[in-house]
Amino acid sequence: MNKIVLLLLFFTIDFTSFCQINKEEKVKTRKLTYNDFVSDYSINDTSAVIIDIFFDKKDNAGFGEMSFLPITVVLAAIPQTRMIGIGTSLISLPLFLHGSYTLLKYRKKKLYTVLVKYKKTKTLPQWVRRKANKLLNYYDTMQPEE
């Protein structure tokens, strides 16, 4: 009896491990680049503008605001520049926190979910719609008239 159970268990494990069913691979959004988003998820001008907004905010605003705090902390650690370092650290701490919030708000996973939802339903969250409309209007005014 035990041999039959072991034999059946072996065959079920063997069949399930070697079957050719293709499971859908999950997309690792943190590894996607700007070009991946543009080529795979951009369906019109609005989605291209949304991708531009997310990458621009993440690259310029987030990292730019966060880069000043480490310098000021180093100034606070040196005894000769401690007063200047403490003062500038107090000023740069809110910028660092806002940069951290910006990086969380404009992360690639959120961009992926917004673009997939936009591809399916053609609707955007209100805050994304406002930013996209502003940038689309800006692009329209910057194009030369013919």
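Predicted model, so just to flag it, every value in this text is computed and none were measured. Values below: all heavy atoms of this structure, side chains included; hydrogens, waters and symmetry mates excluded. The chain is numbered in sequence order, starting from 1.
When side chains are defined from C-beta on, I51 counts as touching L111, because their heavy atoms get closer than 4.5 Å.
Under the ring-ring contact (aromatic ring centres under 6.0 Å, His included) criterion, F63 pairs with no residue at all, not counting sequence neighbours. Partners of D59 according to the side-chain hydrogen bond (donor to acceptor under 3.5 Å, both in side chains) rule, which considers only residues two or more places apart in sequence or in another chain, do not exist here. For T33, the side-chain hydrogen bond (donor to acceptor under 3.5 Å, both in side chains) partners at least two apart in sequence or on another chain are D36. By the side-chain hydrogen bond (donor to acceptor under 3.5 Å, both in side chains) test, D56 pairs with N60, sequence neighbours left out. For Y139, the side-chain hydrogen bond (donor to acceptor under 3.5 Å, both in side chains) criterion is met by no residue, not counting sequence neighbours. Residues forming a ring-ring contact (aromatic ring centres under 6.0 Å, His included) with Y118 (at least two apart in sequence, or on another chain): none.
V49 and M142 fall within a single hydrophobic cluster, where Ile, Leu, Val, Met, Phe, Trp and Tyr are joined by side-chain heavy atoms under 4.5 Å apart, directly or via other members. Residues L135 and F37 share a single hydrophobic cluster, defined by chaining ILVMFWY side chains whose heavy atoms lie under 4.5 Å apart. Hydrophobic cluster membership differs between M83 and L75, with clusters built from Ile, Leu, Val, Met, Phe, Trp and Tyr side chains linked at under 4.5 angstrom. Taken together through direct or relayed side-chain contacts under 4.5 Å among Ile, Leu, Val, Met, Phe, Trp and Tyr, V116 and V114 form part of one hydrophobic cluster. In terms of hydrophobic clustering, with Ile, Leu, Val, Met, Phe, Trp and Tyr side chains grouped at heavy-atom distances under 4.5 Å, I43 and L32 are assigned to a common cluster.
Put simply, OG1 on T88 and CG on L93 are 11.5 Å apart, with the number rounded to the nearest 0.5 Å. Here the OG1-CG distance, from T141 to N137, works out to 7.5 Å after rounding to the nearest 0.5 Å. Atom CE in M66 sits 9.0 Å away from atom CG in L97 (nearest 0.5 Å). L115 CG to Y41 OH: the interatomic distance, rounded to the nearest 0.5 Å, is 8.5 Å. The structure places CG of L136 at 6.5 Å from CG of D140, a figure rounded to the nearest 0.5 Å. Atom CG in N35 sits 11.5 Å away from atom OG in S42 (nearest 0.5 Å).
A pairwise comparison of heavy atoms in I86 and A76 identifies N-CB, 4.0 Å as the closest pair. The nearest pair of heavy atoms linking S67 to P70 is O-CD, 3.5 Å.
More than 12 heavy atoms of other residues, nucleotides or ligands sit less than 6.0 Å from atom CG of D40.
A donor-acceptor pair under 3.5 Å is absent between the side-chain atoms of D52 and the main chain of F55, judged by distance alone.
Applying the side-chain hydrogen bond (donor to acceptor under 3.5 Å, both in side chains) test to every pair with at least one member in residues 89-115, sequence neighbours left out, gives these pairs: E65-H98, T72-S89, T72-S92. The stretch residues 122-133 participates, sequence neighbours left out, in these side-chain hydrogen bond (donor to acceptor under 3.5 Å, both in side chains) pairs: T121-T123.
Taking Ile, Leu, Val, Met, Phe, Trp and Tyr as members and joining any whose side-chain heavy atoms lie under 4.5 Å apart, directly or through other members, the hydrophobic cluster of I78 also contains V74.
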